[in-house]
There are 4 protein chains.
Amino acid sequence: MTTDHDALPVEEAVRAVRTNSRRKQVLDAAVEVMQRTGFHQMSMQALADEAGVSVGLIYKYFGGKEDVLLATILTILDAFRDQLEPAMDAVGDDPVERLVAGMRRYIEIVDENLNATVLTYRESRTLDAAGRARIKELEVESSAPLRAALDAGIAAAVMNPVDVDLMVFDIMLLAHGWALKHWHFGAIYSLDEYIRLQTRFVLNTLIPAQHRENYAQLLS
Amino acid sequence: MTTDHDALPVEEAVRAVRTNSRRKQVLDAAVEVMQRTGFHQMSMQALADEAGVSVGLIYKYFGGKEDVLLATILTILDAFRDQLEPAMDAVGDDPVERLVAGMRRYIEIVDENLNATVLTYRESRTLDAAGRARIKELEVESSAPLRAALDAGIAAAVMNPVDVDLMVFDIMLLAHGWALKHWHFGAIYSLDEYIRLQTRFVLNTLIPAQHRENYAQLLS
Amino acid sequence: MTTDHDALPVEEAVRAVRTNSRRKQVLDAAVEVMQRTGFHQMSMQALADEAGVSVGLIYKYFGGKEDVLLATILTILDAFRDQLEPAMDAVGDDPVERLVAGMRRYIEIVDENLNATVLTYRESRTLDAAGRARIKELEVESSAPLRAALDAGIAAAVMNPVDVDLMVFDIMLLAHGWALKHWHFGAIYSLDEYIRLQTRFVLNTLIPAQHRENYAQLLS
Amino acid sequence: MTTDHDALPVEEAVRAVRTNSRRKQVLDAAVEVMQRTGFHQMSMQALADEAGVSVGLIYKYFGGKEDVLLATILTILDAFRDQLEPAMDAVGDDPVERLVAGMRRYIEIVDENLNATVLTYRESRTLDAAGRARIKELEVESSAPLRAALDAGIAAAVMNPVDVDLMVFDIMLLAHGWALKHWHFGAIYSLDEYIRLQTRFVLNTLIPAQHRENYAQLLS
DNA sequence: TATGAATGAGATTTCATTCAT
DNA sequence: CATGAATGAAATCTCATTCAT
């Protein structure tokens with residue numbers, strides 16, 4: 001006869017962990033099912049089956065189907081936000097090196113979340129205004145390290161004074177392209193080739209003539 | 001006694017015209033409604049109301065809801081295919097000029113079909129394999145003039161020997177970006193600025209040092 | 001400039017003939033389509049196509065879909081009513097011979113209208129009360145010659161004094177059975193065998209011992 | 001902490017019982033509504049209302065509307081199959097007694113399922129090939145006890161050597177006739193009269209002269 | 001916490017019927 | 001007389017969500 005109506009701190013923590021684990025369980029299943037069928041084709045029953053839980057339980061952890069979608073997309077965007085800066089920090093202080101590392105990691109994350117990335121484009125419109133705003137915000141946020149590298153490079157005159165806003169979004173577009181046009185690119189390039197080619201494309205515009213020899217390998 | 005129950009050529013023609021007009025009427029409405037609500041949120045009743053016809057009539061001209069979607073997307077892709085080459089022909093033979101004109105027109109068409117372009121990305125996955133294949137085919141087809149300009153420019157050594165396949169799809173990505181990221185770009189650039197900036201981005205990579213002064217205006 | 005707004009008798013007759021021909025054209029098509037698909041599965045468009053007329057025209061000759069059904073069923077029942085007595089008259093006055101000839105012809109008509117007969121059973125309930133009453137009436141009417149032969153045979157003591165009402169309907173049931181259970185009977189008996197066997201079944205009960213040798217062939 | 005989320009045998013049994021009860025609830029309603037309106041006129045909403053459940057729930061227990069029809073018909077045929085032999089066993093070993101008891105019970109079941117029996121004839125064609133095959137199979141199966149009695153009677157020479165196949169189906173036809181022609185028979189005969197008359201009809205053909213006095217009561 | 005039976009609104013699609021030509 | 005485009009009501013079926021257990 002264990003009673004658990006008085007919530008001890010330990011039990012709270014246990015519950016929080018279980019809650020997170022349940023949410024993750026459902027979100028993983030959501031990505032899996034949505035990549036197969038798309039959001040609208042995914043029934044809550046199918047999601048529950050994939051996640052190995054009951055339909056009713058999903059409603060304990062999410063507000064509804066659209067909320068699952070929002071959470072799924074946010075999870076993906078979180079990955080970009082959280083993994084980009086560490087990868088750039090690992091290569092040191094040189095703005096060009098940082099940018100190159102950032103682009104590489106960005107495209108790698110896209111590759112690791114191929115279907116989820118496409119999902120972001122396909123289903124954003126499904127969300128309500130608040131959800132869409134949150135996504136845009138996260139996308140801008142996640143691109144901040146790239147923006148910082150460009151600003152630093154331009155300030156240090158190792159990059160041409162390009163329009164930073166445009167360049168950041170162009171880089172993201174080219175990265176997302178690996179998923180959006182994977183039916184085309186995936187057939188003719190390996191991931192590494194794609195990264196190398198797109199990086200060269202960007203550096204060609206960025207690196208001024210007097211510094212090009214420093215990055216000969218990247219520009220060849 | 002005059003009988004006119006035979007299908008005279010004139011009547012056939014009249015019917016064909018009416019059929020086309022009805023289809024266009026519905027497809028225009030489809031773009032309109034889908035831009036507001038997305039494909040899955042669009043009910044056939046809402047489509048019928050927007051088109052000013054009855055629900056039943058839509059099924060006379062289209063096989064079903066998905067067929068409306070396919071036809072809508074194909075209509076948009078047709079615009080790209082049909083309008084790109086004429087715009088490029090209008091500027092003469094110089095490969096660079098042709099490419100610049102092509103990019104301009106491409107982005108302009110995207111601008112004229114902002115919502116429809118997004119539709120192409122968002123709803124392609126909804127179609128069956130045959131429909132998706134048809135779309136990819138048309139996209140490749142529509143990009144042929146750009147590809148030709150690149151090939152010609154490289155052959156004439158007025159462009160660097162870039163990877164043509166990648167460059168063509170990158171250009172399309174950047175063009176589509178005007179629609180895909182319009183929530184961002186639309187707020188900070190005019191259409192002309194966007195065209196100019198993206199054109200410069202591409203030409204920076206394409207034009208070899210010894211020819212850059214010829215296109216100074218485009219590269220500044 | 002032929003005017004036909006004053007209806008001359010000749011033209012009236014022409015019209016009546018054409019009307020009948022059109023109705024027959026549609027009814028023949030109706031039997032054909034209904035035997036393939038059933039009444040409810042038959043669309044007016046399919047009926048029109050089969051009849052080689054337009055949908056609209058059917059409504060000039062029939063009140064609606066249900067009216068087509070009623071007319072179709074009545075046409076079949078008319079065949080029974082009109083063809084039974086002549087076949088019985090052809091064999092002379094002997095009540096037993098007349099009954100045998102009637103049964104033979106009845107089952108033959110069923111065989112000639114296999115699907116239409118089944119239709120009668122399947123779709124009667126679809127009709128309104130008036131239509132159903134009309135059908136029952138016609139069925140009773142069409143059985144009158146059989147009833148007369150039984151009455152005559154019993155009066156002349158060449159048949160046992162069976163319950164005439166029951167016997168008439170039993171004979172009809174056994175005749176209809178050729179259509180209703182054709183999936184079974186059709187596979188193991190020829191039409192003639194079926195007729196001979198069912199006739200013997202009925203005569204076994206009807207013919208008194210002292211007359212059986214007169215009909216030895218039928219009873220063997 | 002007691003958990004009961006495992007599917008205990010008890011719970012499985014409870015569910016099975018509930019499933020059966022729900023199915024029965026819907027099937028009873030189906031017979032009720034179809035007898036009023038016919039299968040095609042019956043809307044799923046009307047069926048749900050009659051059964052006292054929601055439309056959606058019907059689809060949990062049946063594959064669709066046609067599946068409801070098939071299940072309804074099969075339920076009726078099951079009654080024939082399951083109730084015939086016991087009734088015949090109850091009267092002992094005499095083949096004639098067994099046959100008579102079988103006919104009586106057969107017609108009684110028809111009487112107890114008047115509308116359902118008509119349904120079997122009216123709506124079989126609506127089913128797909130598999131469903132129709134299943135029905136024919138069950139009908140043959142359900143007649144097996146009658147067939148056995150005839151075979152035994154003929155072997156024991158207490159019955160004339162009639163065509164057994166035909167006789168079995170004729171008996172079924174006459175039994176079904178109580179439902180098919182109830183608009184006629186029902187008005188002039190009681191159930192018992194109908195049974196007695198049809199039994200006499202059959203026995204007249206079956207019982208040879210030398211045994212007729214044993215069954216005088218049935219033959220009078 | 002967890003289940004899944006039950007609901008019922010809403011979706012797509014069909015088709016009998018009408019009517020302008 | 002003849003057509004068939006157009007209508008729109010009604011049908012089947014799905015599925016997000018709730019709630020008693």
Side-chain angles (χ1 to χ4, degrees), chain A residues 4 15 18-19 22 40-49 53-68, chain B residues 1-7 11 14-15 18-19 22 40-48 52-66 68, chain C residues 4 15 18-19 22 40-49 52-68, chain D residues 1-7 11 14-15 18-19 22 40-48 52-68:
Chain A
D4 55 7
R15 185 156 53 221
R18 189 160 45 191
T19 292
R22 284 295 201 193
H40 289 96
Q41 274 72 31
M42 176 189 76
S43 72
M44 293 301 270
Q45 185 60 62
L47 175 57
D49 290 348
V53 298
S54 70
V55 186
L57 196 63
I58 297 178
Y59 283 84
K60 301 283 181 196
Y61 293 102
F62 298 92
K65 196 183 173 189
E66 196 168 296
D67 189 36
V68 173
Chain B
M1 198 139 99
T2 357
T3 63
D4 55 5
H5 61 279
D6 298 330
E11 292 187 354
V14 166
R15 185 154 51 223
R18 187 163 41 193
T19 293
R22 282 298 198 195
H40 289 97
Q41 275 74 24
M42 174 189 77
S43 74
M44 293 303 270
Q45 186 61 62
L47 175 57
V53 298
S54 68
V55 182
L57 196 64
I58 297 177
Y59 285 85
K60 287 267 191 183
Y61 293 100
F62 297 92
K65 197 183 172 189
E66 195 169 297
V68 172
Chain C
D4 56 6
R15 184 156 54 221
R18 191 161 44 191
T19 292
R22 283 296 200 192
H40 288 96
Q41 275 72 30
M42 177 188 75
S43 73
M44 293 300 270
Q45 186 60 61
L47 175 57
D49 290 347
V53 299
S54 70
V55 186
L57 197 63
I58 297 178
Y59 284 84
K60 300 284 180 193
Y61 294 103
F62 297 92
K65 195 182 174 190
E66 196 169 296
D67 190 37
V68 174
Chain D
M1 196 139 101
T2 356
T3 64
D4 56 4
H5 61 277
D6 297 331
E11 291 187 355
V14 165
R15 184 155 52 224
R18 186 164 42 192
T19 292
R22 283 296 198 194
H40 288 98
Q41 274 75 24
M42 176 189 75
S43 74
M44 294 303 270
Q45 186 59 64
L47 174 57
V53 297
S54 67
V55 181
L57 196 64
I58 298 178
Y59 285 86
K60 287 267 190 182
Y61 292 100
F62 298 92
K65 194 182 174 189
E66 195 168 297
D67 190 37
V68 173

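Being a predicted model, the structure only gives us computed values, none of them experimental. A note on names: the letters A, B, ... follow the listed sequences, proteins ahead of strands, and every chain is numbered from 1. Below, each value reflects all heavy atoms present in this structure, side chains not excepted, and no hydrogens, waters or symmetry copies.
Summarising the geometry, atom CD belonging to A/Gln45 is positioned 9.5 Å from atom CG belonging to A/Leu47; distances are rounded to the nearest 0.5 Å.
Contact annotation: C/Arg22 reaches the phosphate of F/dA2 (side-chain N/O to OP1 or OP2, under 4.0 Å). In this structure, C/Tyr61 reaches the F/dC1 phosphate: one of its side-chain N or O atoms is under 4.0 Å from OP1 or OP2.
Contact annotation for A/Phe62: no contact, since no heavy-atom pair falls under 4.0 Å across all strands.
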Taking Watson-Crick (N1-N3 plus N6-O4 or O6-N4) and G-U wobble (N1-O2, O6-N3), each under 3.5 Å, can you produce the dot-bracket string of DNA chain F? Use [ ] for crossing pairs and | for inter-strand ones.
.||||||||||||||||||||
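Nearest approach of C/Met42 to C/Lys65, heavy atoms of both residues: O-NZ, 2.8 Å. Taking both residues in full, the closest heavy atoms of A/His40 and B/Gln41 are given as NE2-NE2, 2.9 Å, listed atom of the first, atom of the second, then distance.
Between B/Arg18 and A/Gly63, the one whose closest nucleotide on DNA chain F sits nearer the 5' end is B/Arg18. Nearest-nucleotide assignment on DNA chain E puts the 5′-proximal partner with A/Lys60, out of B/Leu57 and A/Lys60.
Here F/dT3 presents its P atom at 10 Å from CD1 of C/Ile58, a figure rounded to the nearest Å.
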Side chains of residues 54-62 of chain D: which donor-acceptor partners sit under 3.5 Å, not counting sequence neighbours?
{"residue": "D/Ser54", "atom": "OG", "partner": "D/Leu57", "partner atom": "N", "Å": "3.4"}

Report, one pair per line, the protein and nucleotides 9-12 of chain F atoms (nitrogen or oxygen only) whose separation is under 3.5 Å.
{"residue": "F/dT12", "atom": "OP1", "partner": "D/Met42", "partner atom": "O", "Å": "3.3"}
{"residue": "F/dT12", "atom": "OP1", "partner": "D/Lys65", "partner atom": "NZ", "Å": "2.7"}
{"residue": "F/dT12", "atom": "OP2", "partner": "D/Met44", "partner atom": "N", "Å": "2.9"}

